[in-house]
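Down below is the structure, laid out as structure tokens.
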Amino acid sequence: MARALIAATRRADAADLGRVLHHDVSLTVDGGGVVPTPRAPLRGRGDVVPQLLRVLGDPEVDAVVESVNGMPGVVVRRDGGVVGVLVLRVTGGVVREAWLVANPDKLASWNRR
């Protein structure tokens with residue numbers, strides 16, 4: 001699912017991205033008050049797809065699949081530094097929940113790797 005999600009965002013294909021997401025998917029974004037993020041969790045494909053396209057579809061970022069705390073995830077890098085870590089909960093062959101950490105303080109350990 002993580003690979004399909006990255007591929008759809010790279011092609012800026014909202015329809016393909018929507019197919020890998022549950023219709024009632026939720027996305028929680030943690031910017032730590034430093035990075036602009038939605039104020040509340042996003043719910044539903046209509047809200048989540050544009051956010052993921054903005055983050056992962058940015059031509060300035062490199063998104064790679066990695067395991068994050070034993071769950072499927074995507075690490076987002078810009079200029080060699082980690083700017084986001086997306087964790088996915090997949091059930092029934094679709095992404096049901098996602099959490100995106102963009103808080104620089106919480107990404108410090110990722111940037112020391």
Side-chain angles (χ1 to χ4, degrees):
M1 288 285 88
R3 283 180 185 81
L5 190 140
I6 291 171
T9 57
R10 285 289 173 219
R11 291 188 311 274
D13 191 329
D16 270 358
L17 180 55
R19 282 190 271 283
V20 301
L21 303 175
H22 186 274
H23 73 276
D24 196 32
V25 63
S26 69
L27 172 65
T28 303
V29 185
D30 175 3
V34 178
V35 175
T37 60
R39 299 180 107 173
L42 302 175
R43 181 161 303 282
R45 288 182 190 135
D47 290 336
V48 173
V49 166
Q51 180 71 24
L52 291 178
L53 286 173
R54 270 192 298 283
V55 173
L56 300 176
D58 180 342
E60 301 291 318
V61 303
D62 180 39
V64 295
V65 175
E66 286 196 35
S67 176
V68 180
N69 296 328
M71 296 177 73
V74 177
V75 176
V76 183
R77 290 182 175 83
R78 174 179 280 124
D79 298 325
V82 176
V83 295
V85 174
L86 178 68
V87 181
L88 309 171
R89 184 168 70 86
V90 177
T91 54
V94 293
V95 176
R96 178 69 187 191
E97 291 180 272
W99 300 268
L100 175 61
V101 176
N103 180 340
D105 294 333
K106 292 182 179 177
L107 296 173
S109 65
W110 284 90
N111 281 304
R112 286 192 295 268
R113 293 180 180 192

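From a predicted model like this one, the values you see are computed outputs, not experimental measurements.
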Out of curiosity, Arg11 CZ to Asp16 CG, how far, rounded to the nearest 0.5 Å?
4.5 Å
Using only atom types and a distance under 3.5 Å, with no angle test, would you say the side chain of Asn111 pairs donor to acceptor with the backbone of Val82?
yes
Search all heavy atoms of Pro104 against all heavy atoms of Gly31 and return the closest pair with its distance.
CD-O, 4.2 Å
Does any non-hydrogen side-chain atom of Leu86 lie less than 4.5 Å from one of Leu5?
yes
Separation between OG1 (Thr28) and CG (Leu42), nearest 0.5 Å, reads 8.0 Å
Taking only residues two or more places apart in sequence, or in another chain, which ones meet Asp13 in a salt bridge (charged side-chain N to carboxylate O under 4.0 Å, His left out)?
none
Grouping I, L, V, M, F, W and Y whenever their side-chain heavy atoms are under 4.5 Å apart, do Val68 and Val64 come out in a common cluster?
yes
With the 4.5 Å side-chain cut-off for hydrophobic clustering, are Leu53 and Val61 part of the same group?
yes
Please identify each residue that fulfils side-chain hydrogen bond (donor to acceptor under 3.5 Å, both in side chains) with Arg54, with sequence neighbours left out.
Gln51
Any donor and acceptor pair, going by atom type alone, linking the side chain of Arg10 with main-chain N or O of Leu56 inside 3.5 Å?
yes
Between atom CG of Asp47 and atom CG of Leu52, what is the distance when rounded to the nearest 0.5 Å?
11.0 Å
Between Pro72 and Val65, is there a side-chain heavy-atom distance shorter than 4.5 Å?
no
Spell out, as yes or no, whether a donor-acceptor pair under 3.5 Å connects the side chain of Arg43 to the backbone of Asp24.
yes
Should Val48 and Val94 be regarded as members of a common hydrophobic cluster, given that ILVMFWY residues are connected when their side-chain heavy atoms come within less than 4.5 Å of each other, either directly or indirectly?
no
Side chains of Val83 and Val35, heavy atoms from C-beta outward: is any pair under 4.5 Å?
no
With side chains defined as the heavy atoms from C-beta onward, is the minimum distance between Leu100 and Thr37 less than 4.5 Å?
no
Considering all heavy atoms, the nearest Gly84-Leu107 contact:
N-CD1, 3.7 Å
Measuring from Leu17:CG to Ile6:CD1, what's the distance to the nearest 0.5 Å?
11.0 Å
Provide the full list of side-chain hydrogen bond (donor to acceptor under 3.5 Å, both in side chains) pairs with a residue in residues 89-107, sequence neighbours left out, each pair given once.
His22-Arg96, Asp30-Lys106, Arg89-Glu97
Surrounding CZ of Arg3 (heavy atoms of other residues, nucleotides or ligands, distance under 6.0 Å), is the total greater than 12?
no
Are Val29 and Val25 linked, directly or through intermediate hydrophobic residues, by side-chain heavy-atom contacts shorter than 4.5 Å (ILVMFWY only)?
yes
Treating Ile, Leu, Val, Met, Phe, Trp and Tyr as nodes and any side-chain heavy-atom pair under 4.5 angstrom as an edge, say whether Val85 and Val95 lie in one connected cluster.
no
Looking at every non-hydrogen atom in both residues, tell me the closest pair between Gly73 and Ala2 and how far apart they are.
O-CB, 4.0 Å
